[in-house]
Every structure is written in structure tokens, then in C-alpha cells.
**Student:** 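Okay, here's the structure, questions in a sec.
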Protein chains: 2
Amino acid sequence: MSKDDSFDVQDFLPYLLNQAAEEGSLGFQTVYKERYGLLRTEWRVLFHLGIYGQMTATEIGTRARIHKTKVSRAVQKLNDRRFVERSRSDSDRRVEWLHLTAAGMSAYNDLSAIAQSYDAALQARFCEADIVVFKRVLRHLARLD
Amino acid sequence: MSKDDSFDVQDFLPYLLNQAAEEGSLGFQTVYKERYGLLRTEWRVLFHLGIYGQMTATEIGTRARIHKTKVSRAVQKLNDRRFVERSRSDSDRRVEWLHLTAAGMSAYNDLSAIAQSYDAALQARFCEADIVVFKRVLRHLARLD
DNA sequence: TGGTAATAGTTGATTTTGTAACTAACAAGG
DNA sequence: CCTTGTTAGTTACAAAATCAACTATTACCA
């Protein structure tokens with residue numbers, strides 16, 4: 001017996017978003033996990049380097065809104081696996097430029113191809129007009145525009 | 001230098017969903033955290049009991065897709081705080097019925113009221129037609145319909 | 001019956017995360 | 001130069017999530 005029938009979790013946006021996000025990443029998560037033993041943050045860092053090329057840890061953190069300690073640890077792991085190389089900047093020896101190795105690039109290419117087809121399969125479940133609206137609202141909520 | 005310019009993380013649905021979900025729960029998270037010292041899972045369990053009334057841990061886990069160990073520990077904490085009471089079923093002594101105490105109900109009422117206005121504020125940023133589409137797609141992705 | 005499997009829920013060991021404090025390098029004003 | 005403040009990134013310790021193994025109870029069936 002509900003105390004307040006006018007409220008339903010399933011209409012609560014943060015709840016809906018969380019459920020959809022979990023459901024939506026589930027399938028792809030197993031790919032980068034089982035195929036390359038990557039964690040979610042590690043995959044995210046890999047993708048940013050694959051897409052935007054050379055970046056610093058801080059830049060990645062700012063762009064993806066990941067805390068610097070999380071980025072730091074992800075970079076460490078990716079470096080251990082020889083997916084990422086670090087090089088100190090000459091002009092400012094605090095900053096470290098990160099870029100993918102050949103192995104990292106190859107993992108990125110493989111995963112991004114899978115990501116694209118995964119994404120296409122997800123989007124195929126809706127009509128194009130709905131996807132347009134959906135993504136626009138998402139981007140706005142995610143503060144990406 | 002990007003290897004594959006046709007791909008952008010910001011168009012990748014799982015990524016977008018995650019960012020939006022994190023952004024969207026951020027504000028409300030501080031409410032249940034600072035006001036009642038609740039964790040995300042604890043809040044979710046509280047809400048389910050507030051809305052659907054008496055339930056078992058397994059039912060909550062199934063409906064919200066939370067792992068049973070997470071539910072178990074959340075119920076323990078909520079029970080410690082006297083927000084939830086447990087009672088063994090007579091017909092099957094493995095199952096435990098959970099329901100809110102008066103204190104739990106009051107916390108739920110308080111939080112659900114805040115949740116509703118928080119939700120309304122989020123939704124006010126878009127036109128109604130967009131919200132309708134958005135929620136429909138979300139529900140489908142979250143496999144809630 | 002008795003044996004095997006299934007279900008509800010808990011506990012313990014290991015990983016991962018979060019918070020704060022830390023080192024190192026730079027910047028700017030006196 | 002020195003003090004103070006800021007920025008890049010790491011590390012230490014506590015909190016939380018995860019995974020597997022566990023107890024207790026019921027269900028199935030030969």
C-alpha cells in the first residue's frame with residue numbers, strides 16, 4: 001500500500017536515467033572487460049586519447065568529469081599494460097602528455113568499432129526523430145552543449 | 001591526432017547516458033546524503049518500500065536491478081537506523097517482509113517531496129513534447145515497459 | 001522417505017572508489 | 001631571493017562495491 005500514489009519512481013528522472021544508463025552500458029562493459037581487462041574509467045581514458053590524441057590527465061578529467069585520482073590510477077594501469085605512454089612537458093615540468101602506444105591504438109580501434117555497432121543496434125530500436133530529441137535532451141542534461 | 005574522426009564519444013549513447021545520469025543525480029544525492037546520511041542504495045530501498053509498501057529484499061532487487069548483497073547491506077543499515085522493520089514470513093521462513101517504520105515513512109515523505117520538486121525543476125528545462133519522447137525512450141532502454 | 005537442486009538472505013575476502021593530505025613545479029609580489 | 005598561492009599529479013587510509021562461498025529453508029522427484 002503506497003503512502004503517496006501521486007509519486008512513482010519510474011517517473012523520477014534521475015532514477016530512470018540511472019536504470020537506462022546501467023542497462024545501456026551493460027552489454028558494452030563486458031566487451032572491454034573480457035576482451036582487454038579494462039575498467040570503465042580506463043576505457044574512458046583510452047577513448048579520449050584515441051579520439052582527441054595527445055592530452056594531459058587534467059584535460060581528460062575536465063572533459064569527461066572524472067576526478068583526478070581516478071584518472072591518475074587509470075593512466076597508471078594503462079601505462080602498465082603499455083597502452084599509454086607518458087612524457088614530461090619541457091615548458092612546464094609538472095604536466096605530463098599522454099598518448100596511445102601502437103598497442104593502445106589497436107585496442108582503441110577494435111573497441112571503437114564495436115562501440116559503434118553496439119550504438120547502432122541500440123539506436124535501431126527507435127525512430128530517427130525520437131533519437132534526435134532524445135540525444136538533444138541528454139546532451140543538455142549532461143551539460144555537454 | 002585522431003585515428004577515426006567519424007566517431008565521437010559524445011554521440012555514443014552509453015557514454016551520454018552515464019554523463020547525464022551522473023549530472024542528474026548529483027543534486028539530489030546531496031539531499032539524502034546530508035539530510036539523512038543515506039547511501040544511494042539505501043535511498044533506493046527506502047523509496048521502493050515507501051511506494052510499493054511491504055516487499056521482500058529479493059523483490060526490491062529484482063525490480064530495481066540491485067544485487068542481493070547490496071540490498072542486504074542497505075536493509076541492515078536502514079534497520080539499524082530504525083527506518084525499516086523486518087518480519088519473517090510464516091508460510092516460508094526463508095523470506096523476510098520489509099516495511100517502513102514511522103520514522104522511515106517520515107523520511108520517505110520528506111525525501112519524495114523534495115524529489116518531486118527536484119524532478120519538476122529538471123523537466124522544466126524542456127518542452128513537454130520533448131519530455132514525453134525522452135521518457136518513453138528512457139523507459140524502453142531501462143526495460144521498464 | 002532421502003537425495004539433489006533451488007531460493008532467501010548473509011558474510012568474508014578482494015577490488016575499487018572517495019576524501020584528504022601530500023610532493024613537486026611554477027607564478028607573482030614584495 | 002623569499003613568501004604565499006596555485007596547479008599537476010600521486011599516495012594513504014577509510015568507505016563501498018563486487019564476487020564467491022556460506023547457512024537455512026523449501027521444492028522436486030525417484
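Throughout, a chain's letter reflects where its sequence line sits, starting with A, and its residues are numbered from 1.
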**Student:** Give a yes/no answer on whether the side chain of A:Gln76 brings an N or O atom under 4.0 Å of OP1 or OP2 in D:dG9.
**Tutor:** no
**Student:** Indicate whether the side chain of A:Ser89 and that of A:Ser91 have a donor and an acceptor atom separated by less than 3.5 Å.
**Tutor:** yes
**Student:** Of the nucleotides C:dA8, C:dG18, D:dG9, which has the atom closest to the A:Lys70 side chain?
**Tutor:** C:dG18
**Student:** To the nearest Å, how far apart are A:Leu38 CG and C:dT16 C1'?
**Tutor:** 15 Å
**Student:** Do you reckon B:Leu39 sits in the same ILVMFWY cluster as B:Val75, going by side-chain contacts under 4.5 Å, direct or chained?
**Tutor:** no
**Student:** Once you round it to whole Å, what is the distance between P of C:dT17 and CD of B:Gln29?
**Tutor:** 15 Å
**Student:** Considering heavy-atom distances to DNA chain D, does A:Thr58 or B:Arg40 have its closest nucleotide positioned more toward the 5' end?
**Tutor:** A:Thr58
**Student:** What is the nucleic acid contact for A:Arg88, judged by heavy atoms within less than 4.0 Å: base, sugar-phosphate only, or nothing?
**Tutor:** nothing
**Student:** From NZ of B:Lys77 over to C1' of D:dA16, roughly how many Å is that when rounded to an integer?
**Tutor:** 8 Å
**Student:** Give the B/S/- string for nucleotides 19-28 of chain C, one per nucleotide from 5' to 3', where a protein heavy atom under 4.0 Å of the base yields B, of only the sugar-phosphate yields S, and otherwise -.
**Tutor:** BB----BS--
**Student:** Taking all atoms of both residues into account, what is the closest heavy-atom pair of A:Val71 and A:Gly61, and its distance?
**Tutor:** CG2-CA, 3.9 Å
**Student:** Only counting residues at least two apart or in another chain, list the ones meeting ring-ring contact (aromatic ring centres under 6.0 Å, His included) with A:Phe126.
**Tutor:** B:His140
**Student:** Should A:Leu46 and A:Trp97 be regarded as members of a common hydrophobic cluster, given that ILVMFWY residues are connected when their side-chain heavy atoms come within less than 4.5 Å of each other, either directly or indirectly?
**Tutor:** no
**Student:** Whole-Å distance between C:dG9 P and B:Ile60 CD1?
**Tutor:** 9 Å
**Student:** Any ion pair linking B:Glu22 and A:Arg40 (charged N to carboxylate O, less than 4.0 Å)?
**Tutor:** yes
**Student:** Rounded off to whole Å, could you give me the CD-to-C1' distance for the A:Glu59 and D:dG9 pair?
**Tutor:** 14 Å
**Student:** Using the side-chain heavy atoms of A:Leu39, tell me which of these nucleotides is nearest: C:dT16, D:dT10, C:dA8.
**Tutor:** C:dT16
